[in-house]
Engineer: 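Mind having a look at this structure? Questions to follow.
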Amino acid sequence: MYSIITHLYKVAKAGTLAILQIILRRGLGQKAKKMLLLCLMKDIKNILAEASVGSAITAKGWVRTKRETKNAIFIELNDGSSFNGLQCVFDAHGLSKENAAALSRSNTGAALSVSGTLIDSPASGQAVELKADSVTVIGECPADSYPLQKKAHSLEFLREIAHLRPRTNTIGAAARMRDEMAYAVHSFFHERGFRYIHTPIITASDCEGAGEMFQVTNLDLDALVKSGQPADYAKDFFGKKAYLSVSGQLNVECYALALGKVYTFGPTFRAENSNTTRHLAEFWMIEPEFSFAELPDNMALAEEFIKYLFGWAMERCGEDLAFFDKRVQPGLIAMLEEVKNKKFAHMSYTDAVKELEKKSSSFEFKPYWGCDLQSEHERYLTESVIGGPVIVTDYPKELKAFYMRLNEDGKTVRAMDVLVPRIGEIIGGSEREYRYDVLLENIKAKGLDPEPYWWYLELRKFGSAPHSGFGLGFERLLRYVTGLENIRDVIPFPRAVKQAEF
Ligand code: ATP
Ligand code: MN
């Protein structure tokens, strides 16, 4: 069977593919199946990894570069399936008229279909190459107006052509890693029995009580301004003020207290006017929440999670990661390796502040018990005090949100921040306050109106149980695993202050 399929594979043309598909539905051995899949998909990634020398291949993709010598014409064809493209080589002598005409139109960026035979590459750059015998131009790409020429472009410039930038090495690699990391997130939680819950994007409650939310309305604002009347939100779509969610946590807690182990992973929004390399107005957040779990369980889950994600990146994103390591952030792979292999240190906020106070004069913000840890403090703790990842716990209650469990001392809450070298905080989480009276007190103490939280409070009335969770900003994770400094380069179409083009 295998040899028949191999033969079919070698002669595979459009017509035979249908027959192959029928055969595929029958029981086949692993090797034969792989071969068949290769005929059907023929991504350059598959061709480079699995096709055998001597096979007839048709590859479709976009021209990265075209190079001519006296004897040959080289086209580097990339279809985005992998970092590396397929080198297609045409014999310059005896080129057919059709091929010559097509090649003259095959500029950088053009979409092509190239057929030929896979051979061992005589050159050092790649193991195999395509000895091409025919080429068709699927879509031309005029050289005089295509913004992505052969030369290197700055990331700033690429942000202005976000519709084309995925065709570059850097943004293409970032997009593939983003996909892999999303898959890793789901895989991690499902292996551990966590259920994926879709929490709402529109909400009427402000989770953190921190403001900075985008309002959602279908009131006619122009008419309202003209009338000079105050807005009547009873007439608004939801009958009250509504916002884009800053976090899915409060909603996902409801499901944790029913399904046990859950997580949400979706877009969240912050109208913060901070033009930094770490903040977006629209970003994705991963928020697990699990019941009958206290702070130490939460810390263990967070550590396991980070290690799993970094391990996944190293195992499955080899080429892309190697590129980032070489061109964007030297030492990246070693750093991921180190975090993956090191036991995370634990330290209370109080001890952390003692450490910081020893170095007080070297910080821009003077550390003291009760201060919010600044980025410089966090980095000093992880990079200099510990020399590796550290989980800081038990922060003063004034610094943290109302839903965190109050400690016996009445001053601190069971919060945890996971700090890693180079970035500082990567994960923030806590054990949740599960005692009704204490929670109500906390809400009031933060100056919040308890009324909109009635349903959240009820969770503490009906079968309340200790539960814990954390949040990881997906793009912050991606900044770390790609080494890309600017958060706008790890999301396809960034939304930030004054930026919503594309
Ligand atoms: P920061 O101090 O960096 O602004 P934060 O304390 O406001 O963060 P949280 O409210 O704890 O952050 O949000 C949880 C996680 O969401 C953060 O740890 C971070 O990974 C991510 N995050 C927060 N704000 C943004 C943003 N504007 N853009 C991208 N990710 C964000
Ligand atoms: Mn913030």
Side-chain angles (χ1 to χ4, degrees), residues 174 178 181-182 185 199 203 205-214 243-253 263-289 298-299 302 305-306 309 349 365 371-379 381-382 389-393 395-396 398-404 413-420 422-432 446 468-482 484-500:
R178 186 179 171 104
M181 287 296 103
V185 167
T199 50
T203 171
S205 56
D206 172 353
C207 173
E208 310 268 337
E212 300 190 327
M213 301 205 295
F214 288 103
Y243 307 92
L244 292 179
S245 180
V246 297
S247 157
Q249 184 199 316
L250 301 193
N251 294 100
V252 92
E253 278 188 48
Y263 68 105
T264 172
F265 179 13
T268 48
F269 306 85
R270 307 234 173 136
E272 46 195 3
N273 201 352
S274 39
N275 221 328
T276 74
T277 57
R278 304 184 298 121
H279 291 93
L280 289 166
E282 176 180 302
F283 63 99
W284 286 59
M285 188 127 76
I286 302 151
E287 294 171 287
E289 193 71 37
N298 207 18
M299 293 159 75
F305 186 43
I306 291 292
L309 295 174
Y349 168 89
F365 296 91
C371 77
D372 206 354
L373 297 186
Q374 304 293 323
S375 229
E376 56 172 343
H377 301 145
E378 294 176 342
R379 289 192 58 175
L381 289 170
T382 165
V390 52
I391 309 183
V392 180
T393 61
Y395 285 70
E398 288 76 15
L399 298 180
K400 295 290 183 184
F402 69 86
Y403 48 70
M404 298 192 181
V413 287
R414 288 189 195 165
M416 62 168 202
D417 279 2
V418 181
L419 313 181
V420 289
R422 202 173 73 82
I423 291 224
E425 178 189 335
I426 190 162
I427 280 181
S430 71
E431 182 178 333
R432 315 307 186 190
K446 295 273 177 199
S468 300
F470 59 79
L472 168 63
F474 189 47
E475 288 76 16
R476 297 274 175 93
L477 165 75
L478 289 168
R479 277 177 83 222
Y480 203 82
V481 296
T482 60
L484 286 167
E485 164 66 21
N486 197 316
I487 198 164
R488 295 170 202 210
D489 298 326
V490 298
I491 189 163
F493 299 100
R495 268 53 180 135
V497 192
K498 303 271 183 292
Q499 192 186 20

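Please read all numbers here as calculations on a predicted model, not as lab measurements. All ligand and atom numbering here is 1-based and tracks the order in the structure.
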Engineer: Within the 4.0 Å heavy-atom shell around Met285, which atoms of ligand 1 are there?
Structural biologist: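 Near Met285, meaning under 4.0 Å from one of its heavy atoms, ligand 1 has 14 (C), 15 (C), 16 (O).
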Engineer: Decide yes or no on side chain to side chain donor-acceptor pair (under 3.5 Å) for Gln249 and Tyr403, but give the supporting numbers first.
Structural biologist: CA-CA 10 Å; Gln249 184 199 316; Tyr403 48 70; 3.2 Å; yes
Engineer: Using modelled atom types only, decide if a donor and an acceptor are shared between the side chain of Arg270 and the backbone of Val246 within a distance under 3.5 Å.
Structural biologist: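 The answer is yes, because a donor-acceptor pair under 3.5 Å joins these two groups.
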Engineer: What atoms of ligand 1 come within less than 4.0 Å of a heavy atom belonging to Glu425?
Structural biologist: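 The list of qualifying atoms is 18 (O).
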Engineer: May I ask which of His279, Glu378, Lys400 has a heavy atom nearer to atom 4 (O) of ligand 1 than the others do?
Structural biologist: His279
Engineer: Have a look at Val418, Thr268, Leu280 and point out the one with the heavy atom closest to atom 28 (N) of ligand 1.
Structural biologist: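 The residue whose heavy atom sits nearest atom 28 (N) of ligand 1 is Leu280.
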Engineer: Would you say ligand 1 has an N or O under 3.5 Å from any N or O of Gly473?
Structural biologist: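 Right, the criterion is met.
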Engineer: Give the C-alpha distance, both sets of side-chain angles, the deciding distance and a yes or no for side chain to side chain contact (heavy atoms under 4.5 Å, CB included) between Tyr395 and Leu373.
Structural biologist: CA-CA 10 Å; Tyr395 285 70; Leu373 297 186; 4.0 Å; yes
Engineer: Counting heavy atoms only, which part of Ile487 comes closer than 4.0 Å to ligand 1: side chain, backbone, both or neither?
Structural biologist: side chain
Engineer: Name the one of Leu280, Leu478, Thr277, Thr276 that satisfies side chain to side chain contact (heavy atoms under 4.5 Å, CB included) with Ile487?
Structural biologist: Leu280
Engineer: What are the two closest non-hydrogen atoms of Glu287 and Ser247, and how far apart are they?
Structural biologist: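 Taking every non-hydrogen atom into account, OE2-OG, 2.7 Å.
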Engineer: For ligand 1, indicate whether the residue Arg278 contacts it via side chain, backbone, both or neither (heavy-atom separation under 4.0 Å).
Structural biologist: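 Arg278 to ligand 1: contacts from backbone and side chain alike.
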Engineer: Does the Thr268 side chain pair with the main chain of Phe283, one donor and one acceptor, at a distance under 3.5 Å?
Structural biologist: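 Checked: pair present.
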Engineer: I'd like to know if Glu475 contacts ligand 1, where contact means a heavy-atom distance under 4.0 Å to any ligand atom.
Structural biologist: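 Outside the 4.0 Å threshold, so no.
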